[in-house]
2 protein chains.
Amino acid sequence: MLNGRTPSVKDVAAAAGVSLGTVSNVMNRPEVVSARTRERVERAMAELGFVRNESARQLRAGTSRTLAYVMLDGTNPFFHDVAQGIEFAAEDADLSLFICNSNSRAEREEAHLDRLLQQRVQGILITPVNPEAPYLDDLARRGVPLVIVDRRRDDGACCSVAVDDVHGGRVAIEHLVEQGHRRVGFIGGPESIGQVRERLQGAREVWEELGLPADDLVYLPTEAMTVAEGRSAGERLAGLPARRRPTAAFCANDLLALGLLQQVIGAGLRVPDDLAIVGFDDIEFAAAAAVPLTSVRQPRQELGRAAAQLVLDEATNPHHEHQQLFFTPELVARASTIAPRPRSR
Amino acid sequence: MLNGRTPSVKDVAAAAGVSLGTVSNVMNRPEVVSARTRERVERAMAELGFVRNESARQLRAGTSRTLAYVMLDGTNPFFHDVAQGIEFAAEDADLSLFICNSNSRAEREEAHLDRLLQQRVQGILITPVNPEAPYLDDLARRGVPLVIVDRRRDDGACCSVAVDDVHGGRVAIEHLVEQGHRRVGFIGGPESIGQVRERLQGAREVWEELGLPADDLVYLPTEAMTVAEGRSAGERLAGLPARRRPTAAFCANDLLALGLLQQVIGAGLRVPDDLAIVGFDDIEFAAAAAVPLTSVRQPRQELGRAAAQLVLDEATNPHHEHQQLFFTPELVARASTIAPRPRSR
DNA sequence: GGGCGCAGTTGAAATGTTTCATTAACGTAG
DNA sequence: CTACGTTAATGAAACATTTCAACTGCGCCC
């Protein structure tokens, strides 16, 4: 069957008694080769266990069959849902998807990008540590199809797909005010993250429009967007003097919200009676929390799918123009802000 | 700077006024080329924005610089932790990691493997839908370094890294019995998953050894290991006649446990007083649940790291012998089984 | 001053594909 | 019978790298 190294087209050609051009035709344009020879070649391939060498194909054809997604934080399920959306689009286009994880470290990100460039991937999707990083411009200038996911670039240096975070901040606060809250905490950070700024901005806008005193929208900064930071924000919140302590919290993502939820429940507060909580992203675990979490839903898979389509357009359409796609997030109200109808009485 | 296509070694050589063999030497054996020319070449590379073409390198050198992990279920954070462990090991070995997701569908898995074979990846790590699938044997026979992660192969066809699931089942039940429970439900399925069988087996072994009546260890089968199935198991559990209703549940993974937890809390039961819950895997969200979840911890990252080391050994060491690595899981007790010291009185 | 060793550089071969111009075979129309 | 068209198969070139044997100076020793 196989005697050492893996068989090449040449071996198949010899075994089938045809030229190696014909073998290639069987793989790439089966219609031009007669049924008889095609069958003979296919049998030879099966017998030898031939597997096409993708490097050689790519080298000659000049085109790779993979996309890549560089995700920001592997511990946040949100990004995996985005990746799943990309994967579906890639599958439809018969491409492989290379998933990398920068773990929020710029130097890992750059190392990944370097590798991807060497692989000559067909396009790169990325949720960058910093959307303005100069090496992203290098990529764009090089002509590598590039789409920024879940972040924005305001100059049109490349495509991006994101969500209207200002709007997301607005609907969260509108909902809380509707529920009667007049003192609300905003939990998120660091402020270097554009989304944190924009979600906060949306919150403040609507707060002001409703004529509520600015001081009653309390900003509780965090150092990261993790469960652990959510918990520690909970402690700080509990430590606030009563007259400043909010009756509701709006968290910049669900991880923070879940951490907060756990901490305050552990401290004996009731949710939502003592503290209502709104998250952001609507990851799967949000609905599955013990007090199901009200959250601002991002169309996570859609985000990935749309990004993949943009990158494919850039890769294949010579008249491609960079676009900034915007999705509008919507609030999903659950028990963490809406008290259940009392069980009896 | 660049005039159309990306520059090749030849362009660099021309720009630096050396032969292309020298350029290659600068990249691969800098010590053999004089400092003066090396510097000249490096300058030329920078000016042209040269990036080595990995396909060509791989074609000629015959060796790829990537590992691949085919994960079973992208919605389960457990596998991402495993992947993270692999990633660290790959980073140490200066390799890239290609992450694929089969979503528990055998045909996707096979398609991924086919692609990876074409890419001639240096080794494949996989948590397979079915560890006995014939195409896995094909891989092994082909000589592709292959490690099965978090599943077992009893014949020594390839390496595997797993956890002692029988033991995991034992410690979970021992803990519950210690806490005074005498009627316990086991939630998990489908039984085609080896781990489900073994965790249940461990549970039954210890149950019998303690002389408890077999009928009081109730098996509640599920169709999958997801949050949704956990919730539905919770409904079935609530519907059980009181004399058969367990006072504790041991779930085959944390996703099930989280779903169950949410459902029973929503139904007004108290955890652990009315129902104690033990999960398996100890994913990050287990500790962050509103009632922090007691769970059987698998060394998730360690699993990945060890698997990566095995695959690298197989790839590089001619005297490699297949090994079956076993980790021993340990119980992490939290509030879902241990009632907190009463707050007052 | 001829031979030798050494450091540095070169040029060609090789890797496994794809592509494309060319050839071969075989009818069929004139 | 020739010329032509069609269909099928061929062979060589090209892709970007790495490797390695061969070459070139050059200083040194006898």
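Chain A is the first sequence line, chain B the second, and so forth, proteins listed ahead of strands; every chain is numbered from 1.
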Can you tell me the distance, in whole Å, between the CE atom of A:Met45 and the P atom of C:dT17?
-> 10 Å
NA contact type, A:Ser55, heavy-atom cut-off 4.0 Å: base, sugar-phosphate, or nothing?
-> nothing
More than 12 heavy atoms of other groups within 6.0 Å of B:Glu91 CD | yes
Taking only N and O in the side chain of A:Arg36, is any of them less than 4.0 Å away from OP1 or OP2 of D:dA8?
-> no
Rounded to the Å, how far apart are A:Lys10 NZ and C:dT18 P?
-> 15 Å
In whole angstrom, what separates A:Gln58's CD from C:dT18's P?
-> 12 Å
May I ask you to evaluate whether A:Thr37 reaches the phosphate of D:dA8, defined as a side-chain N or O under 4.0 Å from OP1 or OP2?
-> no
From CG of A:Asn25 across to C1' of D:dT10 the rounded distance in Å is 10 Å
To the nearest Å, how far apart are A:Asn53 CG and C:dG16 C1'?
-> 6 Å
Interatomic distance, B:Arg60 CZ vs C:dA14 P [rounded to whole Å] = 9 Å
Please give, in whole Å, the distance from D:dA9 C1' to A:Arg38 CZ?
-> 14 Å
Approximate separation, where rounding is to 0.5 Å, of B:Lys10 NZ and B:Ser19 OG = 13.0 Å
Under 6.0 Å from the CD atom of A:Glu107, do we count more than 12 heavy atoms belonging to anything else shown?
-> yes
May I ask you to evaluate whether A:Asn28 reaches the phosphate of C:dT18, defined as a side-chain N or O under 4.0 Å from OP1 or OP2?
-> yes
Donor-acceptor pair, B:Asn76 side chain versus B:Phe78 backbone, under 3.5 Å?
-> yes
Please determine if a side-chain N or O atom of B:Arg52 lies less than 4.0 Å away from the OP1 or OP2 oxygen of D:dT18.
-> yes
For B:Asp313, the option from B:His320, B:His319, B:Gln323 that meets side chain to side chain donor-acceptor pair (under 3.5 Å) = B:His320
With a non-hydrogen cut-off below 4.0 angstrom, is A:Ser24 in contact with a base, only sugar-phosphate, or nothing?
-> base
For C:dT9, does either OP1 or OP2 sit under 4.0 Å from a side-chain N or O belonging to B:Ser34?
-> yes
Distance in angstrom units between A:Asp11 CG and C:dG16 P, rounded = 8 Å
Using a cut-off of strictly less than 4.0 Å, decide whether A:Thr22 has a side-chain nitrogen or oxygen near OP1 or OP2 of D:dA9.
-> no
